[in-house]
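This report refers to the structure that appears directly beneath it.
As the structure lists them, so they are numbered: ligands from 1, and atoms in each ligand from 1.
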Amino acid sequence: MQLKLVDKLKAEALDALIIGVTENQEVIENSELNLSLLKEKQLFEGKTGESFTATVLKEGSIHHLILLGLGSEESFNLTKVIKTLATLIKDQKKKKVATIGIDFSMLSKVTEAGNKLQRQLFSGIAMCDYEFNDYKTDAKPSTLETIEILNNSYNTQAFEEAVLLGETNVFSRMLTNMPANIMTPEKLADLAVSYAEGSQLEIEIKEQNEIEALGMKSYLAVAKGSSNPPKLIVMRHKGDPDSDKVFGFVGKGLTYDSGGLSIKPTASMVNMKDDMGGASAVIAAMGAISKLGLKVNVVGVVAACENMISGISYKPGDIIESMGGKTIYIGNTDAEGRLTLIDAVTYVQKIEGATHVVDIATLTGAAIHCLGSEAAPVVTNNEDFYFAVEKAFEKANEKIWMMPVFDEYKELVKHDQADLTNTAGSPGTITAGLFIGEFAKDIPWVHIDIAGTAFKEKAEGIYSKGGTGSGAIPLVYLAKKMSK
Ligand code: BES
Ligand code: MG
Ligand code: ZN
């Protein structure tokens, strides 16, 4: 599907036309639709997020004329509008349309059509066409060819960037959705390499022997039980060689999490091919950061592996070492994500010179209990850096929320037989974060737990069932914010 800004929408040439209508609007120019009649019959009032579809036969062809309520200055809600818009576009796809036009010229009557709004709108449109059907042999290719958006003095640069970001989100979702029998650590590394091809990104895949030489013993303990070897994926964007600042983006990349010997029940295991949502976000974001040529240094790191069971798997009760030097008591082999992340966090500081670290991970089921599927809980050691990250999420219309870090919680990650334990108990999301924080040392660090936001059980608005790409666009905005 191609997204275009056009100076004129030729209604007769479009299969469907979506027109934004405000609550107070009386007429739609060049249209036979009578708004006061629709209002009188309570069919459509222009409320924010409301819609009305009229299907007309004209000169032998079918046209869908769709009204989308923008509301009023007081009631306008962009999230609702985008959600309805996405649902309408998906509806039209089902009706096998090829071209859709969007006329949102009335938007300026209810809100300031600023860049932020435009970006969310355009990214949202670019995101709603994706569906995960790559493995259905009878899947029909989408008939939707073009969406034309009437150019209402939009900023074309913002438009192009927003579309790129929408595609970045879709790429991230594609990675997350691929099943674990295909998406092995090796496959993830190969896909990252081909994604980086033709860009300025430097990419390096470190093999098991190199990971051993680096002393990433905690990461290797998790990877040990699988026949598919680990791959450490490192992507570098050196956008500002004159600056000492390096932002490390670390994504959890468990291409499968069976729980290990502390095996998960089947129902909890089926979605664990998605335990690499953090990795997908980081890899996708790195591509966009490079394409946008941002003047900032960012290193993306994914310690990809599988958490499996075999004769040499790590075991509950084990005491393991880590690249950062601290020893760890294994209370539960299913708390594996943090073990891979700590070595990646140490690696990105020690070897890549990161001065700031963001890690993003489908880390704890408890995150879902904290904030459900709407927002991702965060643990940080630096509020200023947190607020920068929060702004980047806001810009992308995604939500994060800072969890409290009390001294009492910090005590919970300690253990009597080793320096730390990987199962510090409740509050599970915070103690998991604090465990990683032990390895961030004193540099600004933000840990984002996307266990609740990384995938959806059913399609909703711009999202399809499965991976949501949560964090991918915000990471690009963060890099942009940090760039010169
Ligand atoms: N990958 C899971 C977390 C998860 C759960 C993500 C549900 C998405 C949906 C993680 O590795 C895990 O198993 N965490 C355990 C930790 C516990 C054993 C301390 C959990 O949350 O139960
Ligand atoms: Mg686990
Ligand atoms: Zn996991």
Does the side chain of D274 come under 3.5 Å of the side chain of T176 through a donor N or O and an acceptor N or O?
no
Around atom NZ of K441, are there more than 12 heavy atoms from other residues, nucleotides or ligands closer than 6.0 Å?
no
Between S258 and N307 (side chain of the first, backbone of the second, donor and acceptor by atom type, cut-off under 3.5 Å), is there such a pair?
yes
Quick one: nearest non-hydrogen protein atom to atom 12 (C) of ligand 1, plus distance?
D334 O, 3.2 Å
Looking only at protein heavy atoms, which one is nearest to atom 7 (C) of ligand 1, and what is the separation?
M272 CE, 3.7 Å
Between the Zn ion (ligand 3) and D275, which N, O or S atom of the residue is the nearest one?
OD2
Using a 3.5 Å cut-off on N or O atoms only, is I368 in polar contact with ligand 1?
no
Without swapping roles, check the side chain of R173 against the backbone of M127 for a donor-acceptor pair under 3.5 Å.
yes
Quick one: the OE2 of E336, the Zn ion (ligand 3), NZ of K252 angle, rounded to 10°, please.
90°
For T333 and S262, which I'm curious about, is there any donor-acceptor pair between the side chains at under 3.5 Å?
yes
Please examine the side chains of E145 and Q2, heavy atoms only from C-beta on, and report whether any two atoms are closer than 4.5 Å.
no
Heavy atom under 4.0 Å from ligand 1: found in D257's side chain, backbone, both, or neither?
side chain
Looking only at N/O atoms, are K252 and ligand 1 under 3.5 Å apart anywhere?
yes
Check whether any side-chain N or O of E352 sits under 3.5 Å from a backbone N or O of Q349 as a donor-acceptor pair, and report yes or no.
no
Out of D275, T340, N332, who is nearest to atom 1 (N) of ligand 1 when you count heavy atoms only?
D275
For atom 10 (C) of ligand 1, what's the nearest protein heavy atom and its distance?
L363 O, 3.2 Å
Would you say R338 touches ligand 1, if touching means a heavy atom closer than 4.0 Å?
yes
Under the 3.5 angstrom rule, does the side chain of D449 hit a backbone N or O of L363 as a donor-acceptor pair?
yes
Is it true that the side chains of T453 and S470 contain a donor and an acceptor less than 3.5 Å apart?
yes
The atom of D257 among N, O or S that is nearest the Zn ion (ligand 3) is OD2
Determine how many protein N/O/S atoms sit closer than 2.8 Å to the Mg ion (ligand 2), leaving waters out since they are not shown.
4
Using the test ring pair (Phe, Tyr, Trp, His ring centres under 6.0 Å), find all partners of Y195 that sit at least two apart in sequence or belong to another chain.
F171
